[in-house]
Number of protein chains: 2
Amino acid sequence: MSTGKSRRDQFSEATRAALLEAATRRFATLGFGGTSLEDVAADIQATRGAVYHHFPSKKALFEAVFEELETEAVRQSAEAGDRGEDPWQRALFALDAFLTTCADPVYGRVVWQEAPIAMGWVRWEELENKFAFGVIEEHVRALVESGLVERLPVETMSRLAFSMLGAAGQALSRAAEADKARVKDEYRLVIGRMLAGLTVRK
Amino acid sequence: MSTGKSRRDQFSEATRAALLEAATRRFATLGFGGTSLEDVAADIQATRGAVYHHFPSKKALFEAVFEELETEAVRQSAEAGDRGEDPWQRALFALDAFLTTCADPVYGRVVWQEAPIAMGWVRWEELENKFAFGVIEEHVRALVESGLVERLPVETMSRLAFSMLGAAGQALSRAAEADKARVKDEYRLVIGRMLAGLTVRK
DNA sequence: GTATAAGACATACGCTGCGTATGTTACCGA
DNA sequence: TCGGTAACATACGCAGCGTATGTCTTATAC
């Protein structure tokens, strides 16, 4: 059976995907400012014209890369979270999966280090509200609703939890390969303890 | 008595200071990328030549602004912390003073939002290790030494505390003037609770 | 007191890299 | 088979950084 797409459309999508992949590599290794569209295009044996045909701007190209990475990260975290029995366990499972994702150099560099720079804090927050932050806020809300965590301002708790994940992500993306496991354990431990500070005391 | 400086040196320092002030305003309102050296110089009725005479690069100019702000912030935090009786109270006093500083739009925007962009994460961390992060780590260490906080990895705890202050700083620098007080209270509360999660349980 | 050196800028230039405007070619539909 | 349009390539303009060079004024040496 046919894909329903014409030959030309298939080729077009292929170059778009290749562009995205090349851009991901460049952004992850050289950062946003350090990669020129000229080079990205050259990686594909194309010119900047191709880039501007598929993406309206350099920022837009970056956002496409970003969204791709975030979508996958959220998916994995959700999948892990679903295996938990209660809200607390679900949150911890999701946290663990997320830390694993952050240990990936590409994700860590692009999402946590370059993204705010590339698209500005405002836009970054807008997108994160749909992705990572949104997920966290749901976990926090579930924890509050189930009575496991005190009724403190959900937004504030979520922001702080979010920032800690960011710190963990940064540390993980910078850590040497051999240290990643240890660093991850340390962050998981301390974050777990800090979150425990929010639980209701009997 | 004379300052020991020649007339010319005084004028030179005056323009340098004026440049720094103009740059601070521009960076705080328009960001690093949004301010051109042309405009900064024009604010002083000078040209870019003056800027490049006093500072080797745009980044260097930004770093000068940054260091000025950070030095003052650290000073205020230390001053507040010194008024505490025990390590825990000292940490909370310092935290409070720091949140107040973060509520300042200039400090918040330049240090927390623009700085990582302007000088890159690596350089930003290098400098923060000397300023804010260094202060935090000392507080954490004091808390551990005094037995108030568990012997978890100090570096990790400090990084996480640091990231929370960052989040608070961001939130404060973005909050509307009327909300700043409420936002600050919320963050102080939740951060306090999270840190409490690290205390030794009897 | 004058000459010379040096400091404090101004002016001029080149370069990179983004965005846009304008081709050019190949495919698809009628 | 013949426009039309999608998918690029080429060419251009422009902002803004950094640098090289020029100019004027103040300090210093004699």
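Every chain is numbered from 1, with letters handed out A, B, ... down the list of sequences.
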**OP:** Using a strict cut-off of less than 4.0 Å between a Lys/Arg side-chain nitrogen and an Asp/Glu carboxylate oxygen, indicate whether E137(A) and R141(A) qualify as a salt bridge.
**Re:** yes
**OP:** Can you tell me the distance, in whole Å, between the CD atom of E38(A) and the C1' atom of dC15(C)?
**Re:** 14 Å
Subject >> Euclidean distance, R151(A) CZ relative to L198(A) CG, rounded to 0.5 Å >> reply: 14.0 Å
Just the atom pairs and distances: protein N or O near nucleotides 5-7 of chain D's N or O, under 3.5 Å.
unit_1, atom_1, unit_2, atom_2, d
dA6(D), O4', R8(A), NH2, 3.0
dA6(D), N3, R8(A), NH1, 3.4
dA7(D), OP1, S12(A), OG, 3.1
dA7(D), OP2, H53(A), NE2, 3.4

Original post:
How many Å lie between CG on D39(B) and P on dG16(D), as a whole number?
Top reply: 7 Å
**OP:** Provide, to the nearest angstrom, the distance between the CZ atom belonging to R16(B) and the C1' atom belonging to dC9(C).
**Re:** 15 Å
Subject >> Main-chain N/O of T29(B) paired to R109(B) side chain as donor or acceptor, under 3.5 Å >> reply: yes
Original post:
Atom CG of L37(A) and atom C1' of dT16(C): how far apart are they, to the nearest Å?
Top reply: 13 Å
**OP:** Using whole Å, report how far CG of L61(A) lies from P of dG17(C).
**Re:** 16 Å
Original post:
F62(A) has an atom CZ; how far is it from atom P of dG19(C), in whole Å?
Top reply: 14 Å
Original post:
Is E126(B) paired with R123(B) through a side-chain N to carboxylate O contact shorter than 4.0 Å?
Top reply: yes
Subject >> S57(A), nearest nucleotide to its side chain (from dG16(D), dC18(C), dG19(C)) >> reply: dG19(C)
**OP:** Kindly say whether the aromatic ring centers of F66(B) and W112(B) come within a distance under 6.0 Å.
**Re:** no
Original post:
What about R48(A): does its side chain form a donor-acceptor pair under 3.5 Å with the base of dG17(C)?
Top reply: no
Original post:
What nucleotide, of dG19(C), dT19(D), dA10(C), holds the atom closest to the side chain of Y52(B)?
Top reply: dT19(D)
Original post:
Where the side chain of K58(B) is defined as all heavy atoms beyond and including C-beta, which of dA10(C), dG19(C), dG18(D) is the nearest nucleotide?
Top reply: dG18(D)
Original post:
In whole angstrom, what separates Q10(B)'s CD from dA8(C)'s P?
Top reply: 12 Å
Original post:
With a 4.0 Å cut-off, would you call E125(B) and R174(A) a salt bridge?
Top reply: yes
Original post:
P87(A): what forms a side chain to side chain contact (heavy atoms under 4.5 Å, CB included) with it, not counting sequence neighbours?
Top reply: R90(A), A142(A), L143(A), S146(A), L148(A)
Subject >> Rounded distance in Å - CZ (F55(B)) to C1' (dC17(D)) >> reply: 16 Å
